[in-house]
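Report on one structure; see the data block that follows.
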There are 2 protein chains.
Amino acid sequence: MPFTRLEIAVLGLVDGELQVLLARRAEAPHAGKWALPGGVLRIDLDASLDAAAQRVMRERLGLDLPFLRQLCAAGGPTRDPRAPWALSIVYRALVPAENVKPSAGKRIEALAWRPVGDAIADKALAFDHSQLVSQAVESTRAEVERLDLPAGFLPDQFTLGELQSTCEQLLGRRLDKSSFRRKLADREVVEPVEGLMRTGANRPAQIYRLHTR
Amino acid sequence: MPFTRLEIAVLGLVDGELQVLLARRAEAPHAGKWALPGGVLRIDLDASLDAAAQRVMRERLGLDLPFLRQLCAAGGPTRDPRAPWALSIVYRALVPAENVKPSAGKRIEALAWRPVGDAIADKALAFDHSQLVSQAVESTRAEVERLDLPAGFLPDQFTLGELQSTCEQLLGRRLDKSSFRRKLADREVVEPVEGLMRTGANRPAQIYRLHTR
DNA sequence: AGGTGTTAGTTGCAAAGTCCCACGAAGTGT
DNA sequence: ACACTTCGTGGGACTTTGCAACTAACACCT
């Protein structure tokens with residue numbers, strides 16, 4: 001019966017870059033170090049792992065977001081000095097960072113966005129969390145690559161320009177406009193919202209939403 | 001502190017078809033029904049989740065195979081009537097079934113290969129195991145599709161014809177010979193063993209092995 | 001009003017990649 | 001010698017991709 005926790009890797013685009021939301025630990029072990037926000041599994045409260053991850057995110061970050069995906073599980077006797085054997089189920093969330101202002105909850109001293117490059121650097125985070133962030137980023141980029149769209153990053157409605165720019169920031173490289181649009185059309189991932197246009201300083205753009213299956 | 005188990009989905013090619021190794025349960029609950037072989041996590045014995053999965057496979061099936069990969073975790077209060085909250089970490093193994101003769105170990109009444117199509121059928125297996133098998137098959141096929149080769153299915157040395165035939169059985173459809181070879185060459189996944197040929201009833205074939213990184 | 005700048009959206013084309021089919025090569029068995 | 005099988009490669013049709021040009025529609029400036 002191991003000590004079982006959930007860890008949440010919240011990814012978002014901040015300052016045009018992929019960043020991860022980190023919590024500074026208020027208590028030992030690793031007090032003062034940065035780590036993924038997380039909490040213990042409560043078998044009296046949680047109806048499933050997914051529900052547990054939702055609860056932890058709500059308690060620690062004040063967020064309630066639908067785009068939560070299980071990443072992996074990690075376990076071993078030396079992962080956490082508080083327990084003889086520690087098991088963590090790791091979840092990944094995607095958020096449109098501009099709209100989301102998480103607030104530090106229970107047992108958290110401070111919250112901050114940190115570029116994923118920094119967080120992945122060896123020993124940058126407490127416990128084995130650098131490695132977990134690395135996995136989260138890898139799987140997210142793979143999804144974007146195959147246009148399995150990370151809807152969490154986007155508002156309900158968006159223009160194709162916004163979508164492309166988001167993908168470019170996630171992948172860290174430029175994409176070709178016409179190829180990008182052709183693929184979207186072929187795979188029917190988005191559909192136009194008839195009559196709605198985004199107006200601004202230049203030519204209005206058609207507004208799209210995710211295709212309803 | 002949930003009741004924590006490991007479940008192993010062993011996949012192999014038997015009779016030219018993708019099959020999964022199932023155990024008939026000797027005890028309640030679901031006595032007599034088929035399920036994935038598995039066992040409880042032992043924090044006094046296991047140094048990691050991977051090691052725990054290896055131990056369970058050895059104890060239940062008498063196998064000791066290197067190709068074991070974590071698939072997902074499942075948890076909830078109604079998964080297993082023995083515990084108020086049951087957590088399972090699911091692993092997937094790939095074996096060249098012809099060479100491997102698993103033997104029923106502790107608490108197992110009988111072992112049998114079963115085509116994955118049957119096992120996936122609704123309520124064919126105990127607990128939520130049908131769903132777990134479905135995920136195992138899906139992820140395995142995705143790996144083969146991108147030629148992230150499931151080395152567990154193959155001997156150390158093989159011909160390209162054997163490799164292609166293996167992939168075809170895994171995917172359940174025919175592949176084109178020249179495309180298949182071009183992709184292998186481009187991605188440098190295999191390399192020829194110079195001078196070694198497989199002889200038989202017809203033209204000898206070059207023998208290959210996995211490319212050494 | 002007319003010019004300029006910026007983004008939206010489409011089109012054309014060449015290069016690269018894939019799919020399908022076919023052909024020669026190299027063995028065995030009759 | 002001939003049929004038969006699998007191995008290995010090559011060619012042509014077709015599709016996908018990457019790049020660039022072009023028009024369209026707005027705001028803003030002079």
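Hydrogens, waters and symmetry mates play no part in the numbers below; they use all other heavy atoms, side chains included. These numbers come from a predicted model, not from an experiment. Residue numbering restarts at 1 for every chain, and letters A, B, ... go by the order of the sequence lines.
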Check your understanding: Could you state the interatomic distance from CZ (A:Arg114) to CD1 (A:Ile120), rounded to the nearest 0.5 Å?
Key -> 11.5 Å
Point to revise | d(CG, B:Leu175; C1', C:dC20) in whole Å | key: 13 Å
Practice item. For the residue pair B:Gln131 and B:Gln135, confirm or rule out a side-chain donor-acceptor distance under 3.5 Å. Key: no
Review point. Any side-chain heavy atom of A:Leu163 sitting closer than 4.5 Å to one from A:Tyr208?
Key: no
Point to revise | Distance in angstrom units between A:Phe180 CZ and C:dG9 C1', rounded | key: 14 Å
**Study point:** A:Gly200 or B:Glu162, whichever maps to the more 5' nucleotide of DNA chain D
**Key:** B:Glu162
Revision key, fill the gap. Whole-Å distance, A:Asp176 CG to C:dA15 P, equals 17 Å
Check your understanding: Of B:Leu11, B:Val10, B:Val20, B:Leu22, which is the lone residue that meets side chain to side chain contact (heavy atoms under 4.5 Å, CB included) with B:Trp113?
Key -> B:Val10
Exercise for review: Using atom CZ of B:Arg182 as one end and atom P of C:dA16 as the other, report the distance to the nearest whole Å.
Suggested key: 15 Å
Point to revise | From C:dG9, C:dT18, C:dT6, nucleotide with atom closest to A:Asn202 side chain | key: C:dT6
Practice item. Select base, sugar-phosphate, or nothing to describe what B:Ala205 touches, counting heavy atoms under 4.0 Å on all strands. Key: sugar-phosphate
Exercise for review: Would you state whether a donor and an acceptor, one from the side chain of B:Arg203 and one from the base of C:dA26, lie under 3.5 Å apart?
Suggested key: no
Practice item. May I ask you to say what A:Thr199 touches in the nucleic acid, namely base, sugar-phosphate or nothing, with a heavy-atom cut-off under 4.0 Å? Key: nothing
Check your understanding: Quick one: side chain to side chain contact (heavy atoms under 4.5 Å, CB included) partners of B:Gln70, sequence neighbours excluded?
Key -> A:Cys72, A:Ala73, B:Leu49, B:Ile89, B:Tyr91
Review point. Side chains of A:Arg24 and A:Lys33: does their closest heavy-atom pair fall under 4.5 Å?
Key: no
Review point. Any side-chain donor paired with an acceptor under 3.5 Å for B:Asp176 and B:Ser178?
Key: yes
Practice item. At the 4.0 Å heavy-atom cut-off to chain B, mark where contacts on DNA chain D begin and end, going 5' to 3'. Key: D:dT5 to D:dG10
Check your understanding: Can you find a donor-acceptor N/O pair under 3.5 angstrom joining the side chain of B:Ser178 to the base of C:dC19?
Key -> no
**Study point:** Spacing of B:Arg198 atom CZ relative to C:dT28 atom C1', expressed in whole Å
**Key:** 17 Å
Exercise for review: Starting at atom CD1 of A:Ile207, determine the distance to atom P of C:dG9, rounded to an integer number of angstrom.
Suggested key: 10 Å
Practice item. Would you kindly give the CZ-to-P distance between B:Arg181 and C:dA22, to the nearest whole Å? Key: 18 Å
Study note, to complete from the structure: By nearest-nucleotide position on DNA chain C, the 5'-leaning member of A:Ala201 and A:Lys177 is A:Ala201
**Study point:** Closest-nucleotide 5' rank along DNA chain D - winner of A:Pro204 and A:Asp186
**Key:** A:Asp186
**Study point:** Interatomic distance where CD belongs to B:Glu145 and C1' belongs to C:dT18 [whole Å]
**Key:** 14 Å
Check your understanding: Within less than 4.0 Å of OP1 or OP2 of C:dC19, is there a side-chain N or O belonging to B:Ser179?
Key -> yes
